[in-house]
Amino acid sequence: MGNKQTTFTEEQLEAYQDCTFFTRKEILRLHARYRELAPHLVPLDYTNNPDIKVPMTLIITMPELKENPFRERIVETFSEDRQGNLSFNDFIDMFSALCEASPRELKTIYAFKIYDFNRDNFICKEDLEKTLNKLTKGELTPEEVTLVCDKAIEEADLDGDNKLSFADFENMISKAPDFLSNFHIRI
Amino acid sequence: MSTAGEQDAGLSLQEEHESKTHRTKRRDGDRQKKKRRNERRKGGTRAGEGEEDLQAVSEKRERSKRKRAKSKQETSRRENNEEEEAQLTGGKGTKARKDIRNEKTRRMEKEEVREVEENVDKGKKKQGSTKKGEKKEDGGKQLVKGKAREVKKKKHKKAETSSEPETSEEDDDEEEDNDKDVVRLECLSPEELEKLKEAVDERKKLIQSLRGKPWAMKKKLVTLRESQEFVEKYEGALGKGKGRKLYAYKVLMTKKWMKFQRDFENFKTGCSIVTVASYFLFLRWMYGINMILFGLTFGLVMVPEALMGRPYGSMPRKTVPRAEEASAMDFAVLWDFGGYAQYSVLFYGYYNNQRTVGWLKFRMPLSYFLVGVGTVAYSYMVVIRTMARNANESGVGDDNSFNFSWKMFTSWDYLIGNAETADNKFASITTSFKEAILEEQESHKDDNIHLTRFLRVLANFLVLCCLAGSGYLIYFVVRRSQKFALDGLENHTWWERNEVNMVMSLLGMFCPMLFDVISTLENYHPRVALQWQLGRIFALFLGNLYTFIIALMDEINLKRKEEKIVKFNITTWEASLYNGTVSENSTASPVTIHPADVPRGPCWETMVGQEFVRLIISDTMTTYITLLIGDFLRAVLVRFLNYCWCWDLEAGFPSYSEFDVSGNVLGLIFNQGMIWMGSFYAPCLPALNVIRLHVSMYLQCWAVMCCNVPQERVFKASGSNNFYMAMLLVILFLSTLPAIYTIVSIPPSFDCGPFSGKNRMFDVIHETLESDFPPWFSKVFSYASNPGLVLPFILLMVLAIYYLQSTSKSYREANVELKKKLQMQNEENKRKNKRAALKAQMDLEEARMTAQEQQRNNNASVQDQESGSLNSNINKEY
């Protein structure tokens with residue numbers, strides 16, 4: 001270990017372990033992955049918390065996100081500037097929230113943020129249509145899309161405002177059998 | 001209470017302090033009096049450097065103002081953040097808001113306290129301020145109020161006695177405070193300590209739950225640092241004095257333990273097993289059960305016999321017979337579990353019928369019997385418990401009211417990182433949506449119902465033919481193998497010797513494929529089709545197993561006939577031996593005969609055990625070989641021949657093999673059934689199974705990772721979980737049935753096994769009761785086992801079962817009813833909300849109208865001319 005360059009100090013690693021669901025090895029691996037995305041941009045030495053951000057176009061080339069139809073939304077949700085640029089903190093935060101160990105409540109909150117395309121704190125019909133088109137690669141006819149969206153809202157909307165609030169969403173997701181198994185990314 | 005105590009302590013300290021300072025001041029003052037008589041003194045103790053003081057004060061005020069502003073900014077920023085979240089969390093909103101309010105008030109209080117403190121600091125009331133410093137984080141309103149009161153008092157006093165020159169800088173003060181915290185804490189009352197402890201614990205909890213908070217990482221890091229500092233600062237201080245040592249020790253140990261856990265986790269991720277699918281979870285669960293079964297048989301049966309029983313070669317049942325001695329060590333024989341393997345602890349026949357073994361007086365036969373029973377009982381318990389738990393889980397998420405929303409929000413698997421899989425997933429999601437739409441529209445009509453019916457009947461007929469054929473084949477093969485066995489195995493080829501197992505394994509391999517082909521005729525919904533398929537494979541396996549058992553029964557009967565003849569022969573042989581010795585030399589001791597030469601019976605129990613072990617081994621081998629050839633070789637060929645082939649092998653015909661979860665689970669279940677069936681006669685079976693499961697865990701894991709593609713057919717894993725469990729239960733029942741039958745109804749062999757010489761195997765219980773327990777106990781037992789008592793007891797149990805059954809049924813009905821009611825309520829609410837919204841709109845319009853009219857009237861009455869302009873104004877307003 002002596003001549004190996006340190007990426008994080010012990011305190012930093014401990015702090016990250018307290019703030020995420022990762023072990024120290026995983027944190028180091030995440031850093032390696034992060035650095036892989038932009039080797040000229042990200043330094044190996046992170047002991048002084050450099051303020052560096054990697055743009056979204058690079059992040060979504062990761063094999064974990066590459067095939068995901070919601071990759072842009074995921075990255076945008078976790079970036080602090082809402083533009084999709086991720087600092088290492090955001091990056092590790094993203095994978096921590098999506099990892100297997102993170103609890104249902106946390107995942108529900110972030111899932112809601114991801115599916116809320118226009119960030120108005122409601123999932124409205126527009127958001128649903130976007131979601132559906134991304135899921136099916138636009139292979140449904142417009143009539144089918146509207147039918148499905150209407151049905152979905154009708155099922156989950158409890159307060160009758162024709163859009164899904166977080167409470168509606170949480171209620172719906174809490175009963176979904178596959179949510180936890182599907183809403184996680186292994187890295 | 002605590003505030004009062006604190007106040008008292010503070011006051012007494014203060015007074016002491018003040019009196020001291022008073023004295024010094026007075027001295028100073030006297031000196032100064034002498035120096036500057038023109039100085040006026042208020043309250044008798046105004047210190048000299050007034051101007052400087054004033055300057056310092058103003059400086060300090062400024063600083064504190066700046067600080068306050070900063071902290072306000074910070075709090076407002078945080079509040080903004082939190083408010084955003086609160087908005088988002090909607091339902092949780094109230095709670096979150098409450099939290100925010102709490103935090104706000106806490107911060108306000110903190111600020112107040114800080115402000116006041118600064119004033120107090122001027123008075124050099126450090127002790128008071130340190131206390132407050134700790135309680136800053138405490139957040140107890142009462143406490144703060146009390147403090148404020150206290151501070152007011154102090155202020156008051158200060159006004160009376162204000163005497164102190166403010167030379168020390170604020171920052172210095174704080175530093176000093178920190179240094180002295182540890183010391184000063186000792187003069188805290190226990191209540192305060194308690195509060196502090198609570199605060200520390202709260203912080204600790206916060207640290208632990210930090211990772212689950214939906215905050216940005218930066219915020220988390222800041223909070224973490226703050227909390228850690230707080231905890232560290234006060235935790236060390238708490239660990240002092242009487243009774244606190246324990247606390248300190250506890251804290252230390254928990255810290256160490258956390259550290260250890262974290263290190264362990266760090267270590268574990270290095271070599272973790274990736275449990276890819278539910279199959280592997282199931283396999284692991286199975287592995288756990290088998291470990292326990294193995295522990296039971298190994299610890300209570302095999303080891304005691306091997307260590308404390310009579311050694312190998314001491315008696316006929318523990319010796320290889322003379323005729324087999326030559327070939328007993330050959331690999332082929334050992335592979336068939338003959339030779340030395342047959343005459344070892346691995347099989348029933350080796351065990352002696354000595355009542356106790358070794359210096360421990362271990363009851364060997366009893367232990368053997370009880371372990372056999374315990375194995376079955378434990379398995380039943382585990383399976384049923386798991387089923388009940390699964391039923392509970394599935395009962396909650398069973399309602400299908402969010403079909404479309406679930407499809408929309410939870411159908412994408414975020415784990416997918418492979419382009420092909422992603423394409424498959426897109427396609428399957430699209431089709432599932434289309435299916436759901438179709439179902440929703442209920443325009444689903446069969447174009448030719450008669451054809452479908454005909455095809456389904458035909459398919460079932462074909463499947464039945466397959467099942468019957470495979471059953472007959474097995475029966476035929478087993479009979480043939482018996483003939484071979486009578487002729488002697490040495491004269492036959494390898495195939496003829498292993499025919500039974502090979503045929504069973506091959507049937508198990510090819511029949512499911514056949515069923516798959518047949519099921520395409522039926523045109524079922526994929527999920528229904530899967531269940532049919534599983535049911536058929538289940539029937540096939542079960543049929544095969546039972547044919548095998550029936551054939552075994554035939555063989556057992558044959559062996560028992562043989563045994564009778566041998567028994568008769570032995571008596572004549574013994575008699576002849578005895579007669580011979582008598583005629584030759586009447587005084588000599590009886591001739592010792594080497595145990596290998598003693599004639600012996602066929603020992604059907606060992607034969608049954610051997611059959612099962614062979615079956616397991618061949619089954620394992622077939623599984624592994626299919627894995628290697630069917631998956632690995634195919635994958636390699638497809639991969640590398642694809643470069644020079646006329647069509648696309650990867651996408652076209654051979655493609656990569658799918659990992660067949662359901663088939664594999666079924667295989668596992670049947671394997672377990674065989675273990676349960678055979679483990680009474682071959683105690684080594686659980687050990688073998690543990691090894692097998694361990695190897696297949698890694699082997700299949702590897703195969704899945706490198707040469708399989710995920711299934712195209714999607715089905716709900718959670719729903720089918722109990723389906724598999726039910727199968728396991730059925731298998732368990734069906735496999736214990738023959739074992740129990742043989743134990744109860746067939747007398748054990750006369751010269752081998754722990755129960756030799758007894759009429760039935762369970763007589764061992766009777767024997768133990770009679771000889772090891774006091775007579776009254778056996779009497780009680782015999783009364784208790786009297787049919788007059790047992791029958792009512794059984795009746796009672798049946799009644800209890802019936803009662804529970806009917807109550808659970810009524811509960812279920814009530815549940816369904818409630819669910820319906822809830823749904824109705826929801827819809828009602830929705831409608832009500834909509835109506836309310838409509839009504840509100842109406843009201844608003846009405847109010848507007850009336851207002852307009854009123855104004856118009858007013859205006860009309862007052863001024864006709866202005867009414868027009870006013871109205872237009874109102875219109876604008878609305």
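Only a predicted model underlies this, so the values are computations on that prediction, with no experimental measurement involved. Order of the sequence lines fixes the chain letters, A, B, ..., with proteins taken first and strands second; residue numbering starts at 1 for each chain.
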### Query
Would you say the side chain of B:Phe433 lies within less than 4.5 Å of the side chain of A:Glu144, judging by non-hydrogen atoms?
no
### B:Ile207 portion near chain A, given a 4.5 angstrom heavy-atom threshold
both
### Query
Of the backbone (N, CA, C, O) and the side chain (C-beta and beyond), which part of A:Phe88 lies under 4.5 Å from a heavy atom of chain B, both, or neither?
neither
### Message
Could you report the tightest heavy-atom contact between B:Tyr414 and A:Tyr115, atom names first, then the distance?
### Response
OH-OH, 3.2 Å
## Note on the structure
Nearest heavy-atom contact between B:Leu224 and A:Cys19 is CD2-SG, 3.9 Å
### Message
Give the interface residues of residues 60-75 of chain A toward chain B, defined by a heavy-atom separation under 4.5 Å.
### Response
A:Pro63, A:Glu64, A:Glu67, A:Asn68, A:Pro69, A:Phe70, A:Ile74
#### Entry: Heavy-atom pair with the smallest gap, counting every atom of B:Thr410 and A:Asn182
O-ND2, 2.7 Å
## Note on the structure
The interface call for A:Phe183 against chain B, heavy-atom contacts under 4.5 Å, is both
### Summary
Whatever's closer than 4.5 Å to a heavy atom in chain B on A:Tyr110 counts as side chain
### Message
Please report the interatomic distance CD1(A:Ile114) to CZ(B:Phe409), rounded to the nearest 0.5 Å.
### Response
11.5 Å
### Query
Would A:Leu128 and B:Phe404 count as a side chain to side chain contact (heavy atoms under 4.5 Å, CB included) if you check the C-alpha gap in whole Å, the side-chain angles of each, and the deciding distance to 0.1 Å?
CA-CA 11 Å; A:Leu128 285 177; B:Phe404 280 99; over 6 Å; no
#### Entry: Which portion of A:Leu180 sits near chain B, non-hydrogen atoms under 4.5 angstrom
neither
### Query
Does A:Asp51 CG have over 12 foreign heavy atoms under 6.0 Å away?
no
#### Entry: Nearest non-hydrogen partners of A:Ala152 and B:Ser405, listed with the distance
O-OG, 3.4 Å
### Message
Using 0.5 Å steps for rounding, measure from the CE atom of B:Met408 to the CD1 atom of A:Ile153.
### Response
8.5 Å
### Task
Sort A:Leu140 into side chain, backbone, both or neither according to what part of it lies under 4.5 angstrom from a heavy atom of chain B.
side chain
## Note on the structure
Honestly, the part of B:Thr223 sitting under 4.5 Å from a heavy atom of chain A is neither
### Task
Heavy-atom distances under 4.5 Å only: say whether A:Thr20 touches chain B with side chain, backbone, both or neither.
both
### Task
Measure B:Lys407 against the heavy atoms of chain A and call it side chain, backbone, both or neither at under 4.5 Å.
backbone
### Query
Which atoms of A:Ala97 come close to chain B, meaning under 4.5 Å heavy atom to heavy atom: side chain ones, backbone ones, both, or neither?
neither
